[in-house]
Amino acid sequence: MEINLKNVWHSYDGSTFVLRNIDLLFRNSGVYLIVGPNGSGKTTLLKITSLIIKPSRGENIINGKSFWSLDERERENLRSNIIYVHDKPILVRGNVRHNLELGMKLKKKRDRTLIEYYIDRYKLRDLERKSANKLSAGQAKVITLIRALSLKPEVLILDEPFTFLDSQRSEMLIEDIEDIVEKEKGLVIIATHYMYKELKEISTQQIEIINGEIQRTQQ
Amino acid sequence: MFNIINKTAIFIISLLVIAVAVGSLGYYIWKENQSSSMPAKNVIIVSTTTSLYQIGVLDDLFNSFNNLTNMNISFNVLAKGSGEALRLLADGSACIGFVHAPSLELQYMNQGKIERLAIFGYNEFILVGPKSDPANVSQAPNVIEAFKRIYEAGERGDAKFVSRADLSGTNVRELQIWNLTKLNPDGKSWYLKSGQGMSQTLLMADNLNAYTLTDIGTYLKLAGQNKFNNLVILKKDPLYLINVYSMYLSKSSNCDNPNTWYIAYKFKDFLMDQGQQILETKYKGLVDPAKGSESMLQQAWETLASLG
Amino acid sequence: MVESIFSVTLRSLYISSAASFFAFISAVILSLIASRAEKKKADAILGIFEALVGIPTTAIGLLIYMLLFPGGPLGSLRILYTPLAIIIGEIFVALPIAYTTMFRHFQSLRGTMRELVLSLGVPEKHTSSILLRELSPVLVSSYLTSFSRAIGELGVALIAGGGIEGYTNVLTTAIAIQSSIGNYEYAIWLGLILIFMTIVLTLLLKFIGEYLIWK
Ligand SMILES: Nc1ncnc2c1ncn2[C@@H]1O[C@H](COP(=O)(O)OP(=O)(O)OP(=O)(O)O)[C@@H](O)[C@H]1O
Ligand SMILES: [Mg+2]
């Protein structure tokens, strides 16, 4: 998939723009890193890219089609390939297992092998039956990441994925990201304050955003 | 969508099941009651004063009527004050009514909303109060004089009076007597308005050492159950305290069908014939039969109605 | 002469569970719709319902009477003094309380649940089912509150139902009528049953809810 933001502006309250004049092209297959200080607009940019927020101005062109002028069916089709993971994990009532399967249940997918694989890989077997509101911050974060990974999306957008993660799981996550890009030819976009060496090595492009504007991009 | 909310679905279904189970059980019992006690095709809504309802005389009359005529009419009884009972008749919300407030009855009759079928019974109102009788009403020559004494004692701070203030037959009579005294107790600190039924008002008067006007039936029933500590009969008055019960038919279009009329007139015939015997044998002193006192009662009714 | 406490109790349960059930369902549907509306509009609607919570049930009873009596606009339906009249009236009694106890939660959680659904690449229409599941404890307590309000109200049952023995007599009307004729002992029993039943039902539903969802 190819995502192209064209002249995107965004304002939450209708007066102050937290994103200004954004032009970006995200191409298959690659890892894009977005960096910038707190409040600079990274999360907003990611949500616009993952089709959750409609930008106040400008276009979001997916595979050559301007997303927000498509009809409902086509939008749903395109959207189903893009998965976003919130910086603050959103979990629902129920146990860990239910939360892990949430995406699959909603998409009516039956094959749970990937979930089993990731549960073992990230050593979460013991947590399966635990209530979602009794998890530690890192546990909650990992669960939302696995929930996204196991859906095998063409585009994976991660907001601060390494916050709360221990170093071992961070490394695993970087490996998994690498796999998506190398093996599946997917697209991964990450906003992060943690610049791991391994991450830098696999990144296609780094984008720095300050005060809602793109400061510089670096291949 | 359903696999995601299966537990919610189960929960909501269990809610539903409870609602439905309870509902159908209730419905079953209700039907059961309907079919066992009154397998009725004909339902007629009756409004009545609480006093008749409490004495139990109406239920008795309805049952005898059904037994005698094999009609199986279901009389759905609304027990209200006379004012509300008459209003329901005027609206056509009820078709037959049993009331005892001549002045209000006259008003609705003049408006053409109700029709009187019969004066079927009477009893008397009595003035009750604390044994000590601080206003000395038992020595008064008549009830008007007694009310004047209560007023004076009230002003002195020696006596209280509880009024039902609900436009019931009893309350209407009380107001008529106050009118005749040319004194207005309304707003006085010793004049208490209960806004409740006769029994509650009596119990209130007993607890407050106050006077009140009551129908004799309710008083005797509660006295028989030893509910009073201090409340005794202090004054009777054959002229102003006679209590006349009449049966009415609503003239609303809702009741204007041959079936309702047939039942109403059939019941009236029963009430004035076998019904009178039932009153005579079982309810003497509570509701006396009108038979034999027709012209006296008609006269009393007219006097009372004209008191306004 | 006096109707058995058992059948009065069952009739009460049947009438008020029906009324609170319909009120609850309508409140849920209304909440789902209103939580998608603009905040200002939604707040205005909530304000109206909050004001309606305080309306005396006797006023609602009179309103239903004026609608249903033979000369009223719906008089031809002939449902005055039937259980159905009480159910209709009690729906209006229970709806505002059901709505006000649940709506804020819908409003505050819908945004998050919508983002969750969209972030998983799922059509937005799935938000409602996730939202309902998430709010289930709120819904249970909201249902129970409206049930208690319906079973404990007197105005509608007395004015629109009439308290007819064997037909529309419910716990509250029986208490009112029996105490108005001085039968305090019977009335007290009814009152105790009323309290006992609301408590048992509340615990029962809470338990079911806990068992299915909370764990
Ligand atoms: N829902 C919202 N309503 C109003 N303003 C918002 C909202 N979300 C974010 N903002 C504002 O938009 C600006 C950009 O926020 P954003 O979350 O995109 O920053 P960020 O770069 O992700 O910051 P951080 O590094 O802290 O995650 C901030 O000034 C923030 O206050
Ligand atoms: Mg952020």
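For the numbers below, each heavy atom of this structure counts, side chains included, while hydrogens, waters and symmetry mates do not. Order of the sequence lines fixes the chain letters, A, B, ..., with proteins taken first and strands second; residue numbering starts at 1 for each chain.
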Okay, B:Q200 and chain C: the region with an atom under 4.5 Å from a heavy atom over there is both
What's the spacing between B:L88 CG and C:I159 CD1 if we round to 0.5 Å? 10.0 Å
Can you establish whether the number of heavy atoms outside C:L192 located under 6.0 Å from its atom CG is more than 12? yes
To the closest 0.5 Å, what do you measure between NZ (B:K80) and CG (C:L158)? 4.5 Å
Taking everything shown except C:R110 itself, do over 12 heavy atoms lie less than 6.0 Å from its CZ? yes
Judged by modelled atom types alone, do B:S93 and C:Y65 share a side-chain donor-acceptor pair under 3.5 Å? yes
Given B:L203, B:T50, B:L222, the one with more heavy-atom pairs under 4.5 angstrom with chain C than any other is B:L203
Donor-acceptor pairs under 3.5 angstrom involving side-chain atoms of residues 74-81 of chain C: please list them, not counting sequence neighbours.
| from | atom 1 | to | atom 2 | distance (Å) |
| --- | --- | --- | --- | --- |
| C:R78 | NH1 | B:N254 | OD1 | 3.0 |
| C:R78 | NH2 | B:N254 | OD1 | 3.0 |

Below 4.5 Å, heavy-atom pairs only: which of B:S199, B:S47, B:C255 has the largest tally toward chain C? B:S199
For the atom pair CD (B:Q225) and CD (C:E185), what is the distance rounded to the nearest 0.5 Å? 7.5 Å
Exactly one of B:L78, B:V46, B:V43, B:V77 should register a side-chain contact (heavy atoms from CB on, under 4.5 Å) with C:I164. Which one does? B:L78
Decide if atom CZ of C:F22 counts as having more than 12 heavy atoms of other residues, nucleotides or ligands within a radius under 6.0 Å. no
Measure B:L202 against the heavy atoms of chain C and call it side chain, backbone, both or neither at under 4.5 Å. neither
Over 12 non-hydrogen atoms of neighbours within 6.0 angstrom of CZ in C:F92: no
What distance do C:E165 atom CD and B:F75 atom CZ have between them, rounded to the nearest 0.5 Å? 15.0 Å
